[in-house]
Amino acid sequence: MPKYFDVHSHLNAPEYQKDLEEVVARLKETETHTIVIGTDFESSKIAVDLAEKYEEIYACVGIHPVDNRAEYYDISKYGKLVKHPKVVAVGECGFDFFHADKFEDYERQRKLFLDQIDFAITCDKPVMIHARNAYEELLEILESFKGKLRGNVHFFAGSKEVAEKLFGLGFTISFTGVITFTHDYDEVIKTAPLDMIMSETDSPYVTPVPHRGKRNEPSYVNEVVRAIAMIRGEDEEKVRIALVNNALSMIG
Ligand SMILES: [Zn+2]
């Protein structure tokens, strides 16, 4: 069993091209496992290659709502990728109305998301959800699949009410290094059931304190775990073990 689990990272990003071996060496040293997330077909393929190569890495394959707007969901291509035993989820998929105008882009994003939801249900995989300025739209879709779909809403930045609705639908939420430098999510973190939350880094973005200013990497997820324990006022060891177990139960 790993010591830490970063459920959402992009070690397939160009930021790691030069020193990926060293980043992976730090995963081993810190006993951290991570799910490398695809945002389109190319990055999904790299995620699978990394999962194949390194014990500490799992892959999630899919298309981000706005990262590659030219790509549509080709089930036959993703059907081949998902057969790899270390592909543990579909995504990241969802809605983003921060980077795109809802009026102009809603239908395209909705189709892309629904295609991936259908695929996840067919393959019996959880979905890794990206939702930005879109919790209302997200809940509407997830409610229509109640009981049929499972997954995690990554980089949670919503209210306690949104979190409770997601928990009610059986979805977990994960927190990034953002919680080490803002108190905006303390209430959600404090009130969430411990078995419904997970730790992530979203590397290379949102580096946690005390590494601010540096490129982020999955071995820094211990800072996110520590922050969750502190905010909840719970024993760090107990929280650490629970978060690893939550990740393991998601990936089955
Ligand atoms: Zn991501």
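Predicted, not measured: the structure shown is a model, and the values here were computed from it. Atoms within a ligand are numbered from 1 in the order they appear, just like the ligands themselves.
- Contacts classified as ring-ring contact (aromatic ring centres under 6.0 Å, His included) and involving residues 228-252 (residues at least two apart or in different chains) are not found.
- For the pair Phe97/Gln109, a side-chain contact is recorded, criterion being any heavy-atom separation below 4.5 Å from C-beta on.
- Taking the charged nitrogens against the carboxylate oxygens, Asp124 and Arg150 do have a contact shorter than 4.0 Å, which makes a salt bridge.
- Contact of the Leu243 side chain with the Asn246 side chain is registered, since non-hydrogen atoms from C-beta on lie closer than 4.5 Å.
- Protein N/O/S atoms found under 2.8 Å from the Zn ion (ligand 1), listed by chain and residue number: His8 NE2, His10 NE2, Glu92 OE2.
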For this session: Would you please test Phe95 and Tyr135 for ring pair (Phe, Tyr, Trp, His ring centres under 6.0 Å) and show each step?
Result: CA-CA 8 Å; Phe95 285 124; Tyr135 288 116; over 10 Å; no

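- Annotation for Glu234: atom CD counts as buried by contact number, over 12 foreign heavy atoms lying within 6.0 Å.
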